[in-house]
Novice: 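Below: one structure in structure tokens.
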Amino acid sequence: MRKIVHVITNRPHGGIGAVLKNIVTYSSSSQFQYSFLFSEDYKECSFDHFMKDRGYNVCVLPKLNSLSNILKYVITVYRYYLQNAGDIVAVHVHTPNVAFIHLFFAWKFGIKIRIAHSHNTCYSDNWLKGICNYLLICLMKIFVTDRFACGNDAANFLFGKHNLSNTYIFHNAIDTSIFQFSVDRRRNKRKDLNLSGNLVFGHVGNMFKLKNHSFLIDVFVSIKKRYSNAVLLLVGDGALRDDLQEKVNQLGLEDSVRFLGQRDDVADILMALDVFLFPSLFEGFPVSLMEAQCTGLPCLVSDTITREVAITDLVHFLPIHEGVEALWVKELERIKLDSRRDYSQVLQTAGYDLPKEVKALETHYQKLCHDAYDK
């Protein structure tokens, strides 16, 4: 089997984590063997167990939280490629800020396929990190042989319009059969969560700055004034959870905002919702918006997100600057909330059916391997 190494900066959660899990779930194990490298503490988490249970290797690198650890990280990466390069046909990097290090050593040790994958449309939500990432990405491009992206906007951001034609677009597709809308699943989950008689809003995403949860709560305050039976479900976890819970308590919304944490029943929760709220500061191509649309869920989305996510007529783009919360409520009033149907066929037709996307990815990997090694 041909070994492909997937590289992520930190242990993957959310979108990139879902993409990687989807790849291995629908891949043919007879063609490629995948390994996963990321920087984190050494305690095993759900991602590690998921991969190891399926026979894939996980390598945890030193955490990038200090200058001394950066040096340890580089040395560890060097040793990894020194020991394993002979078995690796491709290095596929999903986070460009560490791509330079990995692609340099991949080049040094003769790995001919060196992939940079753009999942985003912004260098960072912090201007200093943004400058650092920009410089690292400039260095990365010296060693890239192949370009991947989750959409045209993400490709244009990282590689430029002149490279769009030679960038492979791997759609952040989903298993549409899992997210097919079902009246019974909706009824059962609403009963399970005790949501009878409520107008239910929701969000799926880890609690970090770019997801803009604080603004989301501000929007919900305005929604609550208009719809007294409104409830907000927050699926996910992260560094900002305690701050967000404190804000909810200070606003007196603790009975209306529920922190559900990481969940394995996201599809059913989406079906239980009436409206999906997604006010991120920036995104490449969020998987959760594909999932929400598949279930037929109306989506109020920040206008900073690529228009490519509007696969259906369910997506409504809105501004997220200060003082526009009322616009979200006004848009909400225009939406028909009593009509719900399955949109899985729409996503399949648009090319967001996961099994087909993974099969196409494997075919593309095979072509790259043939061109690089078999000719």
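Heads up: numbering here begins at 1 and tracks the sequence. Just so it is clear, the structure is predicted and the values come from calculations on it, not from any experiment.
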Novice: List in chain and number order the residues that pass salt bridge (charged side-chain N to carboxylate O under 4.0 Å, His left out) with K356, two or more places apart in sequence or in another chain; answer none if no residue qualifies.
Specialist: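 K356 satisfies salt bridge (charged side-chain N to carboxylate O under 4.0 Å, His left out) with no other residue.
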
Novice: Got a sec, which residues hit salt bridge (charged side-chain N to carboxylate O under 4.0 Å, His left out) with R263, two or more places apart in sequence or on another chain?
Specialist: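 R263 satisfies salt bridge (charged side-chain N to carboxylate O under 4.0 Å, His left out) with D265 once adjacent residues are dropped.
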
Novice: When you compare the side chain of T95 with that of I16, does any pair of heavy atoms fall below 4.5 Å?
Specialist: yes

Novice: Quick check: does any side chain N or O of Q293 sit under 3.5 Å from a backbone N or O of V309, one acting as donor and the other as acceptor?
Specialist: yes

Novice: Once you round to the nearest 0.5 Å, how far does CG of L234 lie from CG of N206?
Specialist: 12.0 Å

Novice: Once side-chain hydrogen bond (donor to acceptor under 3.5 Å, both in side chains) is applied, what residue pairs with a partner in residues 148-157 remain, sequence neighbours excluded?
Specialist: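 Residue pairs with at least one partner in residues 148-157: D153-T306.
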
Novice: Is it true that atom CG of N65 has more than 12 heavy atoms of other residues, nucleotides or ligands lying nearer than 6.0 Å?
Specialist: yes

Novice: What pairs meet the ring-ring contact (aromatic ring centres under 6.0 Å, His included) rule with one or both residues in residues 244-276, with sequence neighbours excluded?
Specialist: F276-F278

Novice: Tell me, yes or no, whether the heavy-atom count around K330 atom NZ, taken from other residues, nucleotides or ligands under 6.0 Å, exceeds 12.
Specialist: no

Novice: Determine, using the 4.5 Å side-chain heavy-atom cutoff (strictly less than), whether V204 and M290 are members of one ILVMFWY cluster.
Specialist: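 Yes.
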
Novice: Treat each ILVMFWY residue as a node, draw an edge where side-chain heavy atoms are under 4.5 Å apart, and state whether F201 and I269 are in one component.
Specialist: no

Novice: Between H102 and Y81, does the ring centre distance come in under 6.0 Å?
Specialist: yes

Novice: Applying a strict under-4.5 Å side-chain criterion to I, L, V, M, F, W and Y, I'd like to know whether L368 and Y34 cluster together.
Specialist: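 Yes, it is one cluster - the side chains of L368 and Y34 are joined through contacts under 4.5 Å.
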
Novice: Does L64 reach the side chain of V98, with side-chain heavy atoms less than 4.5 Å apart?
Specialist: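 In contact.
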
Novice: Only pairs at least two apart or in different chains count here, so list each ring-ring contact (aromatic ring centres under 6.0 Å, His included) that has a residue in residues 279-311.
Specialist: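 Those involving residues 279-311 are F285-Y352.
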
Novice: Can you tell me how far apart CG (L361) and OG (S27) are? Round to the nearest 0.5 Å.
Specialist: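 Interatomic distance, L361 CG to S27 OG, rounded to 0.5 Å: 7.0 Å.
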
Novice: Could you check whether any side-chain N or O of R185 sits under 3.5 Å from a backbone N or O of F179, counting only pairs where one atom can act as donor and the other as acceptor?
Specialist: no

Novice: For the pair N22 (side chain) and A18 (backbone), establish whether a donor and an acceptor sit closer than 3.5 Å, ignoring hydrogens and angles.
Specialist: yes

Novice: How long is the span from the CZ atom in F208 to the CG atom in L240, to the nearest 0.5 Å?
Specialist: 7.5 Å

Novice: Side chains of H94 and H92, heavy atoms from C-beta outward: is any pair under 4.5 Å?
Specialist: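 Result yes, sub-4.5 Å side-chain heavy-atom pair found.
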
Novice: Can you tell me how the ring of F104 sits relative to the ring of W107, calling it parallel under 30°, perpendicular over 60° and tilted otherwise?
Specialist: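 Plane angle between 30° and 60°, so tilted.
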
Novice: Do I131 and F100 land in one hydrophobic cluster if side-chain heavy atoms of ILVMFWY residues count as linked below 4.5 Å?
Specialist: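 The answer is yes; both residues are in one hydrophobic cluster.
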
Novice: Does G284 offer a backbone N or O that forms a donor-acceptor pair with the side chain of T121 under 3.5 Å?
Specialist: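 A pair under 3.5 Å: no.
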
Novice: Checking side-chain contact (heavy atoms from CB on, under 4.5 Å) against V91, which of T145, I111, L37, I4 comes through?
Specialist: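 Output: one option passes, namely I111.
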
Novice: Strictly by modelled atom types, are N97 and T9 linked by a side-chain donor-acceptor pair under 3.5 Å?
Specialist: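 Per modelled atom types, N97 and T9 side chains form a pair under 3.5 Å.
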
Novice: Just grab all the salt bridge (charged side-chain N to carboxylate O under 4.0 Å, His left out) pairs involving residues 221-234, residues at least two apart or on different chains.
Specialist: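 Matches after skipping sequence neighbours: R226-E333.
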
Novice: With a 3.5 Å distance limit and no angle check, can you tell me whether R114 reaches the backbone of F143 through a side-chain donor-acceptor pair?
Specialist: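 Checked: pair present.
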
Novice: Yes or no on salt bridge (charged side-chain N to carboxylate O under 4.0 Å, His left out) for E331 and R334, after CA distance, side-chain angles and deciding distance?
Specialist: CA-CA 5 Å; E331 184 68 19; R334 298 174 53 211; 2.8 Å; yes

Novice: What heavy-atom pair brings A155 and S118 nearest, and what distance separates the two atoms?
Specialist: N-OG, 4.3 Å

Novice: Are any of the side-chain heavy atoms of L195 and L233 separated by less than 4.5 Å?
Specialist: yes

Novice: Determine the sole option in D268, D274, T295 for which the side chain to side chain donor-acceptor pair (under 3.5 Å) test with R186 is passed.
Specialist: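 Only one of D268, D274, T295 forms a side chain to side chain donor-acceptor pair (under 3.5 Å) with R186, namely D274.
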
Novice: Testing the basics here: between A372 and I113, what is the closest heavy-atom pair and its distance to 0.1 Å?
Specialist: CB-CG1, 3.8 Å

Novice: Is there a side-chain contact between F105 and V74 (heavy atoms, below 4.5 Å)?
Specialist: yes

Novice: Are L20 and F50 packed together at the side-chain level, in the sense that at least one heavy-atom pair is separated by less than 4.5 angstrom?
Specialist: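 L20 does not reach F50 side chain to side chain.
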
Novice: Please walk me through it: do F170 and H364 pass ring pair (Phe, Tyr, Trp, His ring centres under 6.0 Å)?
Specialist: CA-CA 10 Å; F170 177 68; H364 190 68; over 10 Å; no

Novice: Working to the nearest 0.5 Å, report the span between CG of L297 and CG of L289.
Specialist: 10.0 Å

Novice: Who passes side chain to side chain contact (heavy atoms under 4.5 Å, CB included) against D255, sequence neighbours left out?
Specialist: none

Novice: Pairs in or reaching into residues 290-330: which pass ring-ring contact (aromatic ring centres under 6.0 Å, His included), with residues at least two apart or in two chains?
Specialist: F215-W328

Novice: Answer yes or no: is there a donor N or O on one side and an acceptor on the other, between the side chain of Q33 and the main chain of G55, under 3.5 Å?
Specialist: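 Yes: the side chain of Q33 pairs with the backbone of G55.
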
Novice: Tell me who clusters with L136, hydrophobic residues only, linked when side chains sit under 4.5 Å apart either directly or through other members.
Specialist: none

Novice: Please write out which residues are connected to I75 in a hydrophobic cluster, directly or through intermediates, given that two of Ile, Leu, Val, Met, Phe, Trp, Tyr count as joined at side-chain heavy-atom separations below 4.5 angstrom.
Specialist: L71

Novice: What's the separation between atom NZ in K112 and atom CG in D146, rounded to the nearest 0.5 Å?
Specialist: 13.0 Å

Novice: Please find the pair of heavy atoms, one from L270 and one from R340, that lie closest to each other, and give the distance.
Specialist: O-NH2, 2.9 Å

Novice: Hey, does the side chain of N69 reach the backbone of K63 with a donor-acceptor pair shorter than 3.5 angstrom?
Specialist: yes

Novice: Could you give me the CA-CA distance, side-chain angles and deciding distance for H117 and Y168, then say whether ring pair (Phe, Tyr, Trp, His ring centres under 6.0 Å) is met?
Specialist: CA-CA 9 Å; H117 194 143; Y168 179 76; 8.6 Å; no

Novice: What I'd like to find out is whether the side chain of Y80 reaches to under 4.5 Å of the side chain of I88, using heavy atoms alone.
Specialist: yes

Novice: Do L193 and F220 belong together in a cluster built from hydrophobic side chains that touch within less than 4.5 Å?
Specialist: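 Cluster IDs for L193 and F220 differ.
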
Novice: Report the hydrophobic cluster partners of F181, with the cluster defined as I, L, V, M, F, W, Y residues connected by side-chain heavy atoms closer than 4.5 angstrom, directly or transitively.
Specialist: V183, M271

Novice: Between R2 and D87 (side chain of the first, backbone of the second, donor and acceptor by atom type, cut-off under 3.5 Å), is there such a pair?
Specialist: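 No; zero donor-acceptor contacts below 3.5 Å.
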
Novice: Keeping to residues at least two apart or across chains, list the salt bridge (charged side-chain N to carboxylate O under 4.0 Å, His left out) pairs with something in residues 205-221.
Specialist: K211-E283, D218-K247

Novice: Between S182 and D184, does any side-chain donor sit less than 3.5 Å from a side-chain acceptor?
Specialist: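 Not at all, the side chains of S182 and D184 share no donor-acceptor pair under 3.5 Å.
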
Novice: Grab the two heavy atoms, one from F32 and one from C369, that are nearest each other, plus how far apart they are.
Specialist: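 It is CE2-SG, 4.2 Å.
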
Novice: Check whether any side-chain N or O of S302 sits under 3.5 Å from a backbone N or O of S280 as a donor-acceptor pair, and report yes or no.
Specialist: yes

Novice: Would you compute the distance between atom CD of E291 and atom CG of D175 and round it to the nearest 0.5 angstrom?
Specialist: 10.0 Å

Novice: Does the side chain of E246 reach to within under 4.5 Å of the side chain of Q250, using non-hydrogen atoms?
Specialist: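 Side-chain contact under 4.5 Å: yes.
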
Novice: Would you find a donor on one side and an acceptor on the other, under 3.5 Å apart, between the side chain of N198 and the backbone of V200?
Specialist: no

